[in-house]
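Computed from heavy atoms alone, side chains included, the values below leave out hydrogens, waters and symmetry copies. So you know, we letter chains A, B, ... as the sequences are listed, proteins then strands, and number each from 1.
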Amino acid sequence: MNAVNDLWPEARNKGVLRLVTAGSVDDGKSTLIGRLLLDSKGVFADQLSAISGSRYSRAPADALDLALLTDGLEAEREQGITIDVAYRYFATPARKFIIADAPGHEQYTRNMVTGASTADAAVILIDAARAQDGELLPQTKRHATLAQLLGLRHTLIAINKMDQVQWDQAVYQRIRTAAEQLAQRLGMATPHCVPLSALTGDNVVQPSPHMPWYQGQPLLPLLESLPLDRGATAQQGTRLFVQWVIRHEGSSTHAFRGYAGQVQGGPLRVGDAVTVLPSGETAQVQAIQLGEQALQIAAAGDSITVALDREIDISRGDLLVAGGQPPQVAREFDADLCWLDRQTLNPSRWYWLKQGARLTQARITAVKAKRDISELRSVPHNGPLASNDIGRVRIRTRDTLALDDYDSERSTGAFILIDDASHQTAAAGMVRLGSEASG
Amino acid sequence: MTAITAPQRTHLDWLESESIHILREVAAECERPVLLFSGGKDSCVLLRLAEKAFRPGKFPFPLLHVDTGHNFPEVIAFRDQRAQELGERLIVRSVQDSIARGTVVLRHENDSRNAAQATTLLEAIAEFNFDACIGGARRDEEKARAKERICSLRDEFGQWDPKNQRPELWNLYNTRVHPGENIRVFPISNWTELDIWQYIAREELALPSIYYSHVRPVVRRKGLLAPVTPLTPAREGEVVEEVRVRFRTVGDVSCTCPVESSAATPTDIIAETAVTTITERGATRMDDKLNEASMERRKKMGYF
């Protein structure tokens with residue numbers, strides 16, 4: 001049964017919170033998600049009966065192997081591990097959740113980056129039994145680093161398997177202190193820490209009777225109360241990449257030319273003055289359409305079509321900018337790269353670079369530093385980046401780009417690199433505008 | 001000027017915007033995209049999203065239906081009517097033609113043609129050289145689908161390799177393919193069955209009549225209600241009953257089952273969907289129950 005049941009239609013205006021879960025192998029991620037779905041009534045009877053009858057169950061005969069709810073591939077059930085990101089959906093009366101369940105294996109870091117790139121919040125699992133002394137595993141450091149690098153606004157630390165350490169407050173306290181120190185060293189906000197047991201359901205949806213010393217909320221209520229403030233970047237102004245030029249000839253009085261794209265950063269209003277980048281031409285917003293509906297104002301996130309008051313040369317990949325601080329226009333800039341491809345970065349090659357709706361080619365002119373995950377710092381490095389490496393690089397592009405720093409505006413600060421030969425997505429890039437950025 | 005504040009957006013607005021963004025990206029970056037339209041509820045939602053993405057212009061892709069020949073007649077009539085109303089081109093390719101060519105071989109004449117659709121689809125992709133097939137599959141439908149990217153690469157054999165998917169970052173989709181390969185694009189990946197019905201209600205979308213309550217002859221088989229039709233007659237010893245039902249999914253007659261329901265409007269269905277204890281496929285599809293990985297195996301073979 002869906003938890004929205006009787007509360008529809010009050011539930012209809014709920015927002016969407018996107019989560020990524022991360023943890024090492026066997027920390028119990030899949031079990032936690034299974035528990036979250038089960039206890040929030042996001043699991044259906046036939047799914048339960050399918051897992052209770054599964055030939056791959058690892059649970060005792062009378063218990064459910066909740067991990068089977070999310071491990072959907074044959075090889076995953078066979079090996080008892082998670083291979084690729086699974087997306088799960090559930091809704092409570094408060095909001096709709098999309099969970100990206102990212103695998104913990106180091107070789108699947110690219111899947112963690114995939115899940116984190118669209119997430120608002122990260123839930124990082126720590127196995128209390130394995131970290132009793134407060135020593136965090138390298139994977140925990142890696143996941144926290146990725147959450148910080150990708151600019152996730154909220155991090156929650158789920159200290160799992162508390163049942164295996166006799167609900168010991170001292171164990172929780174040691175791990176919590178270590179997690180807070182980790183966050184501090186990474187420059188992240190202090191994370192929420194929740195002691196829980198996914199297996200028994202303690203502190204997942206319902207408060208735990210076994211840990212009266214924990215004063216905070218269980219995981220689900222915490223997730224329900226996280227602010228959905230994606231628009232915190234409004235001082236950068238409004239951004240709209242032109243995805244598609246809609247032309248409809250009709251008779252001359254009904255001829256229509258509109259620029260279709262998704263509003264980012266802040267709202268866009270009829271009458272706003274817009275600058276087209278990189279050309280620098282200006283115009284005024286004459287009309288905004290969302291489907292057949294005419295809007296006076298479009299909110300950040302709306303996929304709209306804009307008509308301007310005068311004809312200028314605009315095509316796919318151009319950026320419309322209104323209000324606030326303009327982006328930097330440059331062909332050379334610094335960025336952090338998560339290298340994802342098995343093929344190592346080759347500085348002599350050109351890669352396709354996709355930023356918003358703009359596709360151009362780019363070369364990495366210098367690798368400056370590499371992130372040392374276990375030491376939590378950048379170290380000078382001038383060799384290539386290999387799969388799973390994170391490094392600071394200098395990039396040069398064939399075309400001029402309009403750029404914002406990733407931390408202030410993702411739509412213009414994020415990009416991907418695509419290998420021209422294999423067509424693999426080779427890297428995730430985050431623009432870092434500093435003193436060195438120049439035209 | 002008086003300050004106008006940005007309007008509040010619901011989760012349906014959010015889902016709609018994301019889907020429109022995906023449709024526009026694929027239309028802009030792919031050479032020969034096509035939108036798969038079966039007449040089912042998910043593809044009806046896709047068409048509505050395409051209208052919002054491209055009107056007043058024409059759709060930058062034709063519609064394609066892979067016809068198993070085992071359809072509910074209401075759905076085919078609706079399919080044709082909808083394509084005509086939209087003024088868009090509808091291509092129909094049929095499994096029956098693949099059988100005639102000998103590329104599809106069934107053990108029995110009345111076997112489910114659901115899996116055979118993959119062959120006909122791959123033949124249509126080759127015939128028209130499509131490089132992107134946009135479809136209405138959702139990740140909440142099935143556990144293998146939950147693993148799939150929004151833009152999902154298929155090799156020249158139409159195969160999906162779940163262990164080697166491209167990372168998919170932010171809303172930056174990698175649509176590049178080599179000749180012979182194609183991407184399957186799922187703009188409504190993040191929607192659930194409930195979201196679909198809420199959207200149908202909000203947008204007042206027309207659907208084939210069999211989605212709503214009607215009386216139909218059925219037999220009870222393996223815990224499901226199997227429709228009794230000329231293609232799927234009752235078996236010996238089975239009792240035919242007239243039951244008030246509706247379909248949660250529409251597909252091949254031979255493997256799609258209705259559920260008991262008196263829901264006559266989208267609002268009624270939303271109320272039922274919100275409290276159902278059975279998934280859409282669990283309630284309606286016999287062919288997903290064959291083993292734990294039915295869908296995954298079919299997808300590896302080129303199925304949608």
Original post:
Under the 3.5 angstrom rule, does the side chain of A/K354 hit a backbone N or O of B/Y173 as a donor-acceptor pair?
Top reply: yes
**OP:** Can you spot which of A/T118, A/L150, A/L340 makes a side chain to side chain contact (heavy atoms under 4.5 Å, CB included) with B/L169?
**Re:** A/L340
**OP:** For side chain to side chain donor-acceptor pair (under 3.5 Å), just list the numbers for B/N190 and A/Y87, CA-CA rounded to whole Å, side-chain angles, deciding distance to a tenth of an Å, and then say yes or no.
**Re:** CA-CA 8 Å; B/N190 284 325; A/Y87 293 88; over 6 Å; no
Subject >> Check ion pair B/D195-A/K96 (N to O, under 4.0 angstrom) >> reply: yes
Original post:
Any chance CD of B/E85 has more than 12 other-residue heavy atoms, nucleotides or ligands included, within less than 6.0 Å?
Top reply: yes
Original post:
Is the count of non-hydrogen atoms from other residues, nucleotides or ligands lying under 6.0 Å from B/R89 atom CZ greater than 12?
Top reply: no
Original post:
Heavy atoms, side chains only, cut-off 4.5 Å: are B/S17 and A/Q262 in contact?
Top reply: yes
**OP:** Flag the one option from B/P56, B/P60, B/A53 with the top tally of heavy-atom pairs under 4.5 Å to chain A.
**Re:** B/P56
Subject >> B/F54 and A/W244: CA distance, side-chain angles, deciding distance, ring pair (Phe, Tyr, Trp, His ring centres under 6.0 Å) verdict >> reply: CA-CA 9 Å; B/F54 302 110; A/W244 181 260; 5.5 Å; yes
Original post:
Are A/V16 and B/R9 close enough that some pair of their side-chain heavy atoms sits under 4.5 Å apart?
Top reply: no
Subject >> Selection from B/E51, B/K52, B/E25 maximising heavy-atom pairs under 4.5 Å formed with chain A >> reply: B/E25
Original post:
Heavy-atom distance under 4.5 Å between the side chains of B/R24 and A/T305, does that happen here?
Top reply: yes
Original post:
Side-chain contact, heavy-atom cut-off 4.5 Å: B/R149 with A/T114?
Top reply: yes
Subject >> Residue part contacting chain B, namely of A/I98, when any heavy atom lies under 4.5 Å >> reply: side chain
**OP:** May I ask you to say whether B/E18 pairs ionically with A/R18, meaning some side-chain N is under 4.0 Å from a carboxylate O?
**Re:** yes
Subject >> Which atoms of A/R316 approach chain B - backbone, side chain, both or neither, heavy atom under 4.5 Å >> reply: side chain
Original post:
A/Q355 versus chain B, heavy atoms under 4.5 Å apart: side chain, backbone, both or neither?
Top reply: backbone
**OP:** Might you point out which heavy atoms bring A/F415 and B/L172 nearest each other, and give the distance in Å?
**Re:** CA-CD1, 3.6 Å
Original post:
What part of A/S422 gets closer than 4.5 Å to chain B, counting heavy atoms only: side chain, backbone, both or neither?
Top reply: backbone
Original post:
With only heavy atoms counted, which part of A/L268 is less than 4.5 Å from chain B, the side chain, the backbone, both or neither?
Top reply: neither
**OP:** Any chance you could lay out the side chain to side chain donor-acceptor pair (under 3.5 Å) test for A/T425 and B/R176, step after step, and finish with the verdict?
**Re:** CA-CA 10 Å; A/T425 304; B/R176 300 184 81 78; over 6 Å; no
**OP:** May I ask you to name which of B/R166, B/R48, B/R139, B/Q165 has the most heavy-atom pairs under 4.5 Å with chain A?
**Re:** B/R139
**OP:** Can you tell which part of A/R257 gets under 4.5 Å to a heavy atom of chain B, answering side chain, backbone, both or neither?
**Re:** neither
